[in-house]
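The structure appears below as structure tokens.
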Amino acid sequence: QVHVVESGGGLVQAGGSLRLSCAASGSTFTINTMKWYRQAPGKEREFVALISNAGPENYAGSVKGRFTISRDNATNTMSLQMNSLKPEDTAVYYCGVNYFYSISPNYRQSWGQGTQVTVSS
């Protein structure tokens with residue numbers, strides 16, 4: 001399976017910016033969709049943003065206009081630029097990758113361990 005690792009989390013003040021990165025590695029795979037989810041303490045994991053090879057980007061309404069998702073297909077990496085951060089953005093952010101092997105007709109999915117983002121008020 002594909003191994004996924006997030007990085008770039010940290011502590012920032014409200015109104016500040018942070019850039020998260022996600023790297024996918026493995027053998028003989030092709031990535032279709034890469035996405036970010038987050039989970040705050042005591043809450044369910046929620047969708048943040050998504051990007052595919054050829055389709056448009058998608059964002060949750062709560063982050064639209066503040067967050068920007070991008071990817072580099074040559075390196076199988078993805079970034080989430082987060083601007084105008086709010087305390088309610090505090091959560092563990094997870095990177096998910098949808099991928100397939102050329103021998104298989106079905107997409108598979110892998111998740112990283114998450115990176116902590118804390119926004120102080």
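All values derive from a computational prediction rather than experimental measurement.
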Looking at side-chain heavy atoms only, is the closest gap between [X] and [Y] below 4.5 Å?
X: N98; Y: I31; answer: no
X: Q81; Y: S17; answer: yes
X: V12; Y: S120; answer: no
X: Q109; Y: K35; answer: yes

Margin query: Under the criterion side-chain contact (heavy atoms from CB on, under 4.5 Å), I'd like the reasoning laid out for L80 against V48: C-alpha separation, chi angles, the key distance, then a yes or no.
Written below: CA-CA 10 Å; L80 183 68; V48 177; 4.2 Å; yes
Check: Residues sharing F100's hydrophobic cluster, by side-chain heavy-atom contacts under 4.5 Å among ILVMFWY, directly or via others?
Finding: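 Listed partners: Y107.
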Would you say [X] and [Y] are hydrophobically clustered, going by side-chain heavy atoms of ILVMFWY under 4.5 Å?
X: V92; Y: L50; value: yes
X: M34; Y: F47; value: no
X: V117; Y: Y37; value: no

Notebook entry, point to check: Excluding sequence neighbours, so at least two apart, what forms ring pair (Phe, Tyr, Trp, His ring centres under 6.0 Å) with Y94?
Noted result: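 Per chain and number, Y94 pairs via ring pair (Phe, Tyr, Trp, His ring centres under 6.0 Å) with no residue.
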At what distance, to the nearest 0.5 angstrom, does [atom1] of [X] lie from [atom2] of [Y]?
X: F29; Y: Y99; atom1: CZ; atom2: OH; answer: 8.5 Å
X: I103; Y: T28; atom1: CD1; atom2: OG1; answer: 10.5 Å
X: S79; Y: I69; atom1: OG; atom2: CD1; answer: 9.0 Å
X: T33; Y: N53; atom1: OG1; atom2: CG; answer: 7.5 Å

Note to self: T75: which residues meet the side chain to side chain contact (heavy atoms under 4.5 Å, CB included) condition with it, sequence neighbours left out?
What the structure shows: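 Partners of T75 by the side chain to side chain contact (heavy atoms under 4.5 Å, CB included) criterion, ordered by chain and then number, come out as D72, T77.
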Margin query: Give me the atom names and distance for the closest heavy-atom approach of A14 to S121.
Written below: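 Reported closest heavy-atom pair: CB-CA, 4.4 Å.
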Next item on the list: Would you name the heavy atoms of V97 and A24 that are closest together and state the gap between them?
Entry: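 Closest pair (atom of V97, atom of A24, distance): CG2-CB, 4.2 Å.
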Checklist line | Sequence neighbours excluded - ring-ring contact (aromatic ring centres under 6.0 Å, His included) pairs with any residue from residues 59-92 | finding: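 Every candidate ring-ring contact (aromatic ring centres under 6.0 Å, His included) pair involving residues 59-92 fails, so no pair, neighbours aside, qualifies.
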Next item on the list: Report yes or no: does E6 contribute a side-chain atom to a donor-acceptor pair with the main-chain N or O of Q113 at less than 3.5 Å?
Entry: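 Yes; judged by distance alone, with no hydrogens or angles, the pair exists.
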Note to self: Please check: side-chain N/O of T90 versus main-chain N/O of V119, any donor-acceptor pairing under 3.5 Å?
What the structure shows: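 It does hold such a pair.
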Note to self: With no hydrogens and no angle check, just 3.5 Å: does a side-chain donor-acceptor pair link R71 and N76?
What the structure shows: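 No donor-acceptor contact under 3.5 Å links the two side chains.
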Margin query: Checking side-chain polar atoms at under 3.5 Å, does S52 have a donor or acceptor matched by the opposite partner on N32?
Written below: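 No.
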Note to self: Going by the rule salt bridge (charged side-chain N to carboxylate O under 4.0 Å, His left out), which residues pair with R66 if we only count those two or more places apart in sequence or in a different chain?
What the structure shows: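 Expected list: D89.
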Next item on the list: Dump the intermediate steps for side-chain contact (heavy atoms from CB on, under 4.5 Å) on C22 and V4, then the final yes or no.
Entry: CA-CA 7 Å; C22 173; V4 179; 3.5 Å; yes
Notebook entry, point to check: Which is it for C95 and W111 under the side-chain contact (heavy atoms from CB on, under 4.5 Å) test, yes or no, and what are the steps along the way?
Noted result: CA-CA 6 Å; C95 173; W111 290 93; 5.9 Å; no
Next item on the list: Count the heavy atoms of every other residue, nucleotide or ligand shown that sit under 6.0 Å from CD of Q1, and state whether that count exceeds 12.
Entry: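 Incorrect, the count does not exceed 12.
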Next item on the list: Using a cut-off of 6.0 Å, state whether more than 12 heavy atoms not belonging to R45 lie near its atom CZ.
Entry: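 Enclosed: over 12 neighbouring heavy atoms sit under 6.0 Å from CZ of R45.
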Next item on the list: Quick one: do R38 and Y93 satisfy side-chain hydrogen bond (donor to acceptor under 3.5 Å, both in side chains)? Show the steps, please.
Entry: CA-CA 4 Å; R38 67 185 182 185; Y93 284 70; 2.9 Å; yes
Item checked: Those residues that, when tested against Q116, pass side chain to side chain donor-acceptor pair (under 3.5 Å) (two or more places apart) ->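 Side chain to side chain donor-acceptor pair (under 3.5 Å) list for Q116, sorted by chain: T118.
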Next item on the list: Evaluate the side-chain contact (heavy atoms from CB on, under 4.5 Å) criterion for residues M78 and W36: first the C-alpha distance (whole Å), next the side-chain angles of each, then the deciding distance (0.1 Å), finally the verdict.
Entry: CA-CA 10 Å; M78 174 179 65; W36 290 97; 3.2 Å; yes
